[in-house]
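Notes follow once the structure below has been shown.
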Amino acid sequence: MNKTLRTEPRRLKGFRDITSADLLARDRMIARIREVYERYGFTPLETPMLEYVDALGKFLPEADQPDGGIFAFRDEDEEWVALRYDLTAPLSRFVAMNPELPKPFRRYQVGPVFRVEKPGPGRFREFYQFDVDTVGTASMLADAECCMIMCDTLEALGILPGDYAIRVNNRKVLSGVVDAVAAHGPVTPETGLTILRAIDKLDRVGVDGVRQLLGPGRRDESGDFTRGAALSAAQIDVVSDYLNVKGTTRVAVCDELQRLIEKSPTGCEGVAELREIDEALSNMEYGVDRVTIDPTVVRGLAYYTGPVFEGVLTFPIVDEEGVSRPFGSVVGGGRYDGLVERFTGQKIPATGTSIGVDRLLAALKTLGRIDTQSTTASVLVTRLDKTLTAEYQRLVGELRAAGIGTELYVGTQGIGKQFKYASDSGKIVAVVIGEDERARGEVAVKDLRLGEELSKNIGADRRQWLEQQPAQLSVARGELIPTIKRILSRYAIG
RNA sequence: GCCGGCGUAGCUCAGUUGGCUAGAGCGUCUGACUGUGGAUCAGAAGGUCGAUGGUUCGAGCCCAUCCGUCGGUACCA
């Protein structure tokens, strides 16, 4: 084909091809998470990947076009549609369309979501979320369960208490802080947002950075300048005091918060909610080693109305290049009492939480907590003598019937290439029958991993090596299945 | 979006102050070896030096723009 006519294979920025090892590992992880969710009584739901932009709440009527940050286009009726950017907005739409659902409605959902964002390490434009939500109750018990289910999930994945932390805060408490700041001088809604943004950046820019962001602004090491909230010194001190709130128990933290924002009715409401969550957690003995109240948690700025929570991994994680990097939050969520109301006009409170599947998976991989086997079959039946194909097929059938994942070599190359293929495609065992074996009623079985290991000192005399084949044994035809099972169990497979 | 680093073979990189047909290792493929992947040896394929324009007798090297990538920062439902 003419070179200029060829199509260059390209892939969209921020999108990935995910190959078998990662996909199999992800499926296993999702299965474990699902088990936990179902144990709490959540049931599955699937909604479309495409939604009308107004249903996602991202249509800008003034501009007559969608908000940035989402993949949107016009359909054949000139309506704006978009790929979902989370699973919460579609859930709200679903609940609004199905008012007869028994409440509280508890569902889980897993699938890809899409955002137009700058891709980074572990950050993509298409990624998996695994959500669990309770719709139709204002009880803090539902929020407390969100925290507990996150603990149970992370622990089911092999992450122990102490290696993770669930941190809880409340948007009403944050409003209370803004109220307290406003007591020392006027605060516009815009400034209120800037204050929350500054608080959110505490772990990245430190206390001094936050103070700069609250005051004149901050210039970072790249020379970029971020405009500040231009608060007075007295106002900045209010936020500083808030950020310094600490306590050895959740109750102690609530007490301190209470003191700081006692003049704000909204703030007090928030603290009271946190106390309820604490009580529910304590009843089930989820201590501060698992769930803490952390006044610095903000979680975005949009639809959350009450408790917000996030889960972080607290141990150091070393990536492939040997660089230790902190592993941001892997789960997050909160209460969104206004989302369904947007459709129906009725207040339907809701709360839920979301797992960043890909990030968590990356963490489990570096931890070695997830099996990264890339093949579904452990055995390759080779075709040494193509005229014996019918026999090979029968053999394959027997192995599969015995529950052993087995692939028949369907290529055309010679036996040498077949061994290489077996090894490269992750098989554990290769099975060979040729004239010799058939005459003796035997089967040759090769342990490919052992062979690989032994070959490290193969020596100069390859002829002798080939004749001996220390990783290979010939067994009676009837012994085939037990022999293979023995080899597989050596590697904890099967 | 803004600021900065980096783009040479599939991968990791060399490439002299701008100067011949752009190199190495690893990997891949082929053969020695049609009943054995991993050893050894021999050989081969693979690059419009990220793209486009410019400076120059001459550009992988200098300049501009764009694209990609990495890092910081902003925004983030």
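In what follows, every chain begins at residue 1, and chains take the letters A, B, ... in the order their sequences are listed. Since the model is a prediction, treat every value here as computed from it, not as a measurement.
- Closest contact between the side chain of A:L448 and the listed nucleotides B:G37, B:A77, B:U30 involves B:G37.
- At B:G38, none of the side-chain N or O atoms of A:K446 fall inside 4.0 Å of OP1 or OP2 (strictly under the cut-off).
- Checked by distance alone, A:Q472 brings a side-chain donor or acceptor within 3.5 Å of a matching partner on the base of B:U36.
- Listed candidates were B:U30, B:A77, B:G35. Nearest to the side chain of A:I415 is B:G35.
- Scanning residues 189-204 of chain A for heavy-atom distances under 4.0 Å to RNA chain B yields A:R197, A:K201, A:R204.
- Within the nucleic acid shown, A:L454 has no heavy atom closer than 4.0 Å to any nucleic acid atom.
- Side-chain nitrogen and oxygen atoms of A:R438 include none within less than 4.0 Å of the OP1 or OP2 phosphate oxygen of B:G35.
- With distances taken from any side-chain atom of A:Q469 to the nucleotides B:G38, B:G35, B:U73, the minimum falls on B:G38.
- Among the nucleotides B:G72, B:C29, B:G35, the one closest to any side-chain atom of A:K118 is B:G72.
- Between A:F105 and A:F94, the shortest heavy-atom distance links the atoms CZ-CE2, 3.8 Å.
- A close approach under 4.0 Å does not occur between any side-chain nitrogen or oxygen of A:K417 and OP1 or OP2 of B:U28.
- Looking at the side chain of A:R123, the nearest of the listed nucleotides B:G38, B:C76, B:A77 is B:C76.
- With B:C29, B:A77, B:U69 as the choices, the nucleotide that has an atom nearest any side-chain atom of A:K420 turns out to be B:C29.
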Close N or O pairs between protein and nucleotides 43-46 of chain B (under 3.5 Å):
none

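- Taking every side-chain heavy atom of A:T226 into account, B:U73 is the closest of B:G37, B:G35, B:U73.
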